[in-house]
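To keep things clear, I will list the structure first and then write my remarks on it.
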Amino acid sequence: MNEITLGQLAPTKTEIDQITETIRLELEDGRINPEFVAVKIAAIENFAKALRVKSEEYIIDFLSKCPKGTYDYLGAKISLKDSQTYDYGAYSDKWAELEDKIQGLKAEQKAIEESAKKFERGQIPLKSYKQTYSLTLNK
């Protein structure tokens with residue numbers, strides 16, 4: 001598997017798909033180990049999440065100085081995005097009442113699920129099944 005550095009990765013979906021397919025073929029041919037890929041994927045995901053959080057304020061600051069809050073770079077469009085949440089419960093008593101009912105019903109569903117898991121697992125029809133894996137990186 002080729003080493004990819006941040007500066008080498010072309011930011012296009014096509015390039016990402018090509019690299020992904022190359023690695024899949026290397027897995028299929030036995031040229032790389034699946035455990036190697038699993039650990040590297042986890043490392044990349046953790047790195048990306050951490051870097052996004054630690055760089056976000058700098059990127060927002062940069063974009064706030066750009067016309068219309070957008071900038072095209074390496075074929076990608078970077079844009080400021082506003083996110084708003086509304087407090088409908090404070091706005092409408094009826095909405096708050098419905099939300100309370102929904103939360104109560106969800107709690108009842110959860111209680112049924114927990115009871116069924118403990119005492120009647122074999123009686124619950126299987127909705128779907130998928131096998132995957134979990135991975136924990138060292139600190």
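Atom set for the values below is all heavy atoms of this structure, side chains included, hydrogens, waters and symmetry mates excluded.
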So how far is it from [X] [atom1] to [Y] [atom2], rounded to the nearest 0.5 Å?
X	Y	atom1	atom2	answer
Arg24	Asp29	CZ	CG	9.0 Å
Ile78	Ile60	CD1	CD1	12.0 Å
Leu25	Glu21	CG	CD	4.5 Å
Leu27	Thr22	CG	OG1	11.5 Å
Lys40	Phe47	NZ	CZ	12.5 Å
Leu51	Ile44	CG	CD1	13.0 Å

Taking side chain as C-beta onward, heavy atoms only, is [X] less than 4.5 Å from [Y]?
X	Y	answer
Lys49	Val53	no
Asn33	Val37	no
Leu63	Ser79	no

Assess whether atom CG of Asp93 is packed by more than 12 heavy atoms of other residues, nucleotides or ligands within 6.0 Å.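 12 or below, so no.
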
Sequence neighbours excluded and cut-off under 3.5 Å, please list the side-chain donor-acceptor pairs for residues 100-119, or say none.
from   : atom 1 : to    : atom 2 : distance (Å)
Gln103 : NE2    : Glu99 : OE2    : 2.8

Start with the C-alpha distance between Thr70 and Leu80, add both sets of side-chain angles, then the distance that settles side chain to side chain contact (heavy atoms under 4.5 Å, CB included), and finish with yes or no. CA-CA 6 Å; Thr70 64; Leu80 280 175; over 6 Å; no

Under 3.5 Å donor-acceptor pairs involving side-chain atoms of residues 129-139, not counting sequence neighbours:
none

Would you say Ile41 ends up clustered with Ile23 if hydrophobic residues are merged whenever their side chains have heavy atoms under 4.5 Å apart, either directly or through other cluster members?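 Yes, same cluster.
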
Using modelled atom types and a 3.5 Å cut-off, is there a donor and acceptor pairing between side-chain atoms of Ser64 and backbone atoms of Asp61?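 Answer holds: yes.
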
Can a salt bridge be assigned to the pair Lys13 and Asp17 using a cut-off of 4.0 Å between side-chain N and carboxylate O?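 Looking at Lys13 and Asp17, the cut-off is not met.
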
Do Tyr86 and Tyr91 have their ring centres less than 6.0 Å from each other?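 No, the ring of Tyr86 stays outside the 6.0 Å limit from the ring of Tyr91, centre to centre.
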
Can you tell me how the ring of Phe62 sits relative to the ring of Tyr71, calling it parallel under 30°, perpendicular over 60° and tilted otherwise?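 Phe62 vs Tyr71 ring planes: perpendicular.
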
